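Here's the structure, in structure tokens; my notes come after.
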Amino acid sequence: MSEEVRKGREGFATGLGVLAATLGSAVGLGNIWKFPSLTGTNGGAAFIFIYIISTLLVGLEVMISEHIIGRTTRKNAIDSLRSLAPRQVWWLIGAAGVLSAFLIMAFYTEVAAWVFAYIPRAISSALNTTDPAVSEKAFADLINSPWQSLIWQWVVLIWVAAIIIAGVSKGIEAMTKRLLPILFGILVIINIRSLTLPGAAEGLSFLFKPNWSAVTWMTVLTAVGLSFFKLSVGMGTMITYGSYFRDDENIPATGVRVMLSDLLVSLLAGMAIFPTVFTYGFAPDAGPSLLFITMPAVFSSLPGGPFVQNLFMVLFFLLAGIAATGAMLSLFEVPVAYLVERLGWSRRKATISTALGLALVGSTAALSNSLMANFKIAGKTMFDLFDFATSNVLLPVGGLFICLFVGWRWGYAALEKNLTNNGTLNNRAVVRAFYFLVKWVTPVLLVVVLLNGLGIIKLG
Ligand code: PFF
């Protein structure tokens with residue numbers, strides 16, 4: 001594709017690169033840290049069922065909408081909306097997106113920091129214990145230490161910034177193309193181990209047999225929030241990545257591929273975790289600590305001695321580190337693209353400034369278990385507040401307005417032009433279905449879920 005077509009901007013070079021980067025953004029700690037722990041605490045398969053419906057009827061529509069906004073305008077999250085609707089307030093969606101990117105990065109880099117910190121610990125056998133009380137102490141020592149929390153977060157920021165500086169194609173695309181196959185390979189290896197353990201059947205039935213009594217409106221809001229977080233939508237990440245797409249990219253097909261592959265990774269992560277947890281008699285509903293407290297104890301229970309146990313432990317945290325990297329790259333790119341295009345900064349200057357800003361905001365999340373443990377807003381530490389406010393409020397609200405923009409402000413003709421690539425794709429039925437969903441179904445569902453989940457109305 002010529003540079004002219006892309007309006008003089010760098011973009012993803014190949015179709016495979018588009019898929020790798022977009023899937024790399026979707027697949028992240030959400031699959032390994034959030035999905036299994038939320039499934040565990042919200043009743044297993046019933047939650048997964050609602051989550052799948054949410055990704056189909058809500059997350060996917062927002063993803064496709066964001067991709068077309070980005071690709072038509074070839075601009076960052078804020079300027080794209082500003083150029084589509086000049087002198088109107090729609091650009092605020094992009095501005096809220098940049099804010100969300102910052103807030104997510106603030107706590108996400110800290111969870112990634114724990115993952116990175118665990119890799120050398122797993123290699124050195126420091127996590128080799130079958131007693132969760134001991135692994136709990138190891139985790140507490142890490143998160144209660146202000147310096148360790150901060151330094152590992154800086155390591156994560158430097159790692160991501162270095163890839164971002166290398167560029168959209170040479171950095172993000174090249175890296176995600178290399179890392180994703182490794183991620184799949186590791187997942188398959190761990191699955192072969194977990195599914196051949198005696199507790200496999202119990203773990204699988206927990207994952208796939210629904211228990212509806214655990215479902216409330218808050219569960220539904222959590223599932224919708226997770227689908228946004230999972231697919232990296234509602235905050236301009238996908239507008240930014242869409243702006244790097246090739247003109248001949250089949251956007252609906254890409255969206256469906258990313259959604260299905262991401263779901264597969266989440267289920268494989270669940271299938272890696274729950275059978276092992278049940279085999280060795282640990283609790284499936286440990287919440288966020290499942291990853292850092294339960295899993296080391298679970299892996300230490302595997303047969304084959306310390307070498308095999310440590311090997312699986314290292315592979316597992318490597319998997320989480322790789323997954324986190326692709327997601328953080330997309331989060332980082334949102335403010336960087338804006339700073340480069342709006343303020344004319346070099347990529348290096350924009351990246352370093354963003355990293356410094358993130359180190360500052362992120363420190364409040366990093367210190368949430370130590371120096372700032374008692375600093376709470378609405379009963380939540382900064383870490384929990386950033387997590388709750390983004391997943392359950394900012395992303396769904398951002399997604400709602402993106403759908404309203406595409407379904408109501410843009411209209412059918414523009415949508416058809418974008419989804420058929422100016423008539424070169426023969427997918428009329430897809431366009432019609434998408435138009436109906438994005439105009440009516442997705443916004444109505446989002447409004448109902450948001451109002452109920454936040455307790456503003458009560459439907460039951
Ligand atoms: N999708 C990522 C995950 O599931 O871990 C998290 C994420 C990345 C959320 C990028 C939002 C975003 F813009």
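Indexing begins at 1, ligand by ligand and atom by atom, following the structure's order. Source: prediction; values computed, not measured.
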Gap between atom CD1 of I172 and atom CD of E333 - 0.5 Å precision: 4.0 Å
Aromatic plane relationship, F229 with Y108 - under 30° parallel, 30 to 60° tilted, over 60° perpendicular: tilted
Near-ring test Y241/H67, centroid separation under 6.0 angstrom: no
What short N/O contacts, under 3.5 Å, does ligand 1 make with the protein, listed by atom pair and distance?
residue: ligand 1; atom: 1 (N); partner: S25; partner atom: O; Å: 3.1
residue: ligand 1; atom: 1 (N); partner: A26; partner atom: O; Å: 2.9
residue: ligand 1; atom: 1 (N); partner: F229; partner atom: O; Å: 2.8
residue: ligand 1; atom: 1 (N); partner: K230; partner atom: O; Å: 2.9
residue: ligand 1; atom: 1 (N); partner: S232; partner atom: OG; Å: 3.0
residue: ligand 1; atom: 4 (O); partner: A26; partner atom: O; Å: 3.1
residue: ligand 1; atom: 4 (O); partner: G30; partner atom: N; Å: 3.4
residue: ligand 1; atom: 4 (O); partner: K230; partner atom: NZ; Å: 2.5
residue: ligand 1; atom: 5 (O); partner: L29; partner atom: N; Å: 3.0
residue: ligand 1; atom: 5 (O); partner: G30; partner atom: N; Å: 2.7
residue: ligand 1; atom: 5 (O); partner: Y108; partner atom: OH; Å: 2.5

Parallel, tilted or perpendicular, as decided by the 30° and 60° cut-offs, for the rings of Y51 and F47: parallel
Identified ring pair (Phe, Tyr, Trp, His ring centres under 6.0 Å) partner of F107 from the options F102, F383, F388: F383
Parallel, tilted or perpendicular: rings of F292 and W114 (30°, 60°): perpendicular
